[in-house]
Amino acid sequence: MNVIFGIIATVLTIYSLLCFFRIILTWIPEMSYSKAAQFLAGICDPYMNIFRGIKWLRMGSFDFSPALGLCLLGAFSSLFKMLSNGGMISIGMIIAMGIQIISSIISSLLTFIIIVFAVRLLVILMNRNNYNPSSFMLNQLDSSISPLVYRIAKTFTAGRNLTYKTALIISIVSLVAANIIFTFISNILINIVANLPV
């Protein structure tokens with residue numbers, strides 16, 4: 001039985017890697033319609049499409065549903081790997097795994113948002129004309145993220161008027177701090193729950 005659990009864990013790990021490559025290829029326009037992308041789409045899309053309708057995983061034009069799919073694959077792969085090594089499953093471990101999945105999704109969302117904000121800030125810092133109306137991509141990005149940027153920044157500045165650059169800096173710093181604190185608390189909670197008696 002341990003061998004079967006080991007095989008399942010390996011298959012899930014390989015499948016999650018294939019799904020990850022599928023996601024990466026969708027971000028590269030030149031590669032998104034290649035034969036490799038079509039092959040991966042046939043294998044991965046039926047699974048990934050299960051999560052696409054979840055509204056709270058969408059933020060403007062950004063879809064975070066693949067993160068949930070990958071986190072679940074990772075969790076089940078870990079579960080079967082533990083079973084293949086003769087590990088015992090307890091209620092606490094199952095709850096801890098659920099907390100870990102939720103924590104991973106939230107942390108992934110925060111990290112992605114931080115990266116998007118940081119990239120936009122770098123573009124502003126490298127370009128003296130910090131708002132270029134001729135740039136269609138920047139306009140699209142700004143229309144997606146600016147409401148969130150100002151909402152986060154105004155939480156810490158008592159609603160004062162801020163430049164976009166200042167709002168981005170405040171938002172990045174506050175999200176980095178929130179992500180560190182959230183990850184720390186989640187890890188403590190996971191360790192406490194996982195070590196509960198069977």
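All values below were derived from every heavy atom in this structure, side-chain atoms included, with hydrogens, water molecules and symmetry-related copies excluded.
Taking each heavy atom of Ala153 and Ile170 in turn, the nearest pair found is CA-CG2, 3.8 Å. When every heavy atom of Lys154 is checked against every heavy atom of Arg160, the shortest pair comes out as CE-O, 3.9 Å. A pairwise comparison of heavy atoms in Ala36 and Leu25 identifies C-CD1, 4.4 Å as the closest pair. Here the closest non-hydrogen pair linking Phe156 and Ser174 is CE1-CB, 3.4 Å. Shown here for Ile101 and Ala75, the closest heavy-atom pair between the two residues is CD1-CB, 3.4 Å.
Under a hydrophobic clustering in which Ile, Leu, Val, Met, Phe, Trp and Tyr are joined whenever their side-chain heavy atoms come within less than 4.5 Å, directly or via other members, Ile190 and Ile91 fall into the same cluster. Put simply, Tyr164 and Leu125 are part of the same group of oily side chains (I, L, V, M, F, W, Y) that touch within less than 4.5 Å, one to the next. When the side chains of ILVMFWY residues are joined at heavy-atom separations under 4.5 Å, either directly or via intervening members, Val119 and Leu175 end up in two distinct hydrophobic clusters. Placement of Ile180 and Phe112 within a single hydrophobic cluster is found when ILVMFWY residues are connected by side-chain heavy-atom separations under 4.5 Å, directly or transitively. If you chain together hydrophobic residues whose side chains sit under 4.5 Å apart, Ile102 and Leu72 fall into the same group.
The shortest side-chain heavy-atom distance between Ile169 and Leu121 falls under the 4.5 Å cut-off. At least one side-chain heavy atom of Ile124 sits under 4.5 Å from a side-chain heavy atom of Arg120. Residues Val11 and Phe80 have side chains not in contact (no heavy-atom distance under 4.5 Å, counting atoms from C-beta outward). Contact check for Thr157 versus Thr166: no side-chain heavy atoms found under the 4.5 Å cut-off. You'll find the side chain of Thr183 stays beyond 4.5 Å of the side chain of Ser103, heavy atoms only. Residues Val193 and Gln100 are not in side-chain contact: their nearest non-hydrogen atoms beyond the backbone lie 4.5 Å or more apart. Taking the side chain as every heavy atom from C-beta outward, Lys81 and Thr13 never approach each other to under 4.5 Å.
In this structure, Ile106 CD1 and Ser186 OG are separated by 7.0 Å, a value rounded to the nearest 0.5 Å. Rounding to the nearest 0.5 Å gives a distance of 12.0 Å between CZ of Phe20 and SG of Cys44. In this structure, the separation between CD1 on Ile99 and CD1 on Ile185 is 12.5 Å, given to the nearest 0.5 Å.
Within a 6.0 Å radius of CG in Asn191, more than 12 heavy atoms belonging to other residues, nucleotides or ligands are found. Surrounding CZ of Phe21 are at most 12 heavy atoms belonging to other residues, nucleotides or ligands under 6.0 Å away. Summarising the local packing, OH of Tyr15 is surrounded by more than 12 heavy atoms from other residues, nucleotides or ligands at distances under 6.0 Å.
Of the residues Leu122, Val149, Val176, the one that meets the side chain to side chain contact (heavy atoms under 4.5 Å, CB included) test with Phe117 is Val149.
With sequence neighbours excluded, the residues forming a side-chain contact (heavy atoms from CB on, under 4.5 Å) with Ile50 are Tyr47, listed by chain and number.
Under the 3.5 Å distance criterion, the side-chain polar atoms of Ser77 are matched with a main-chain donor or acceptor of Ala9.
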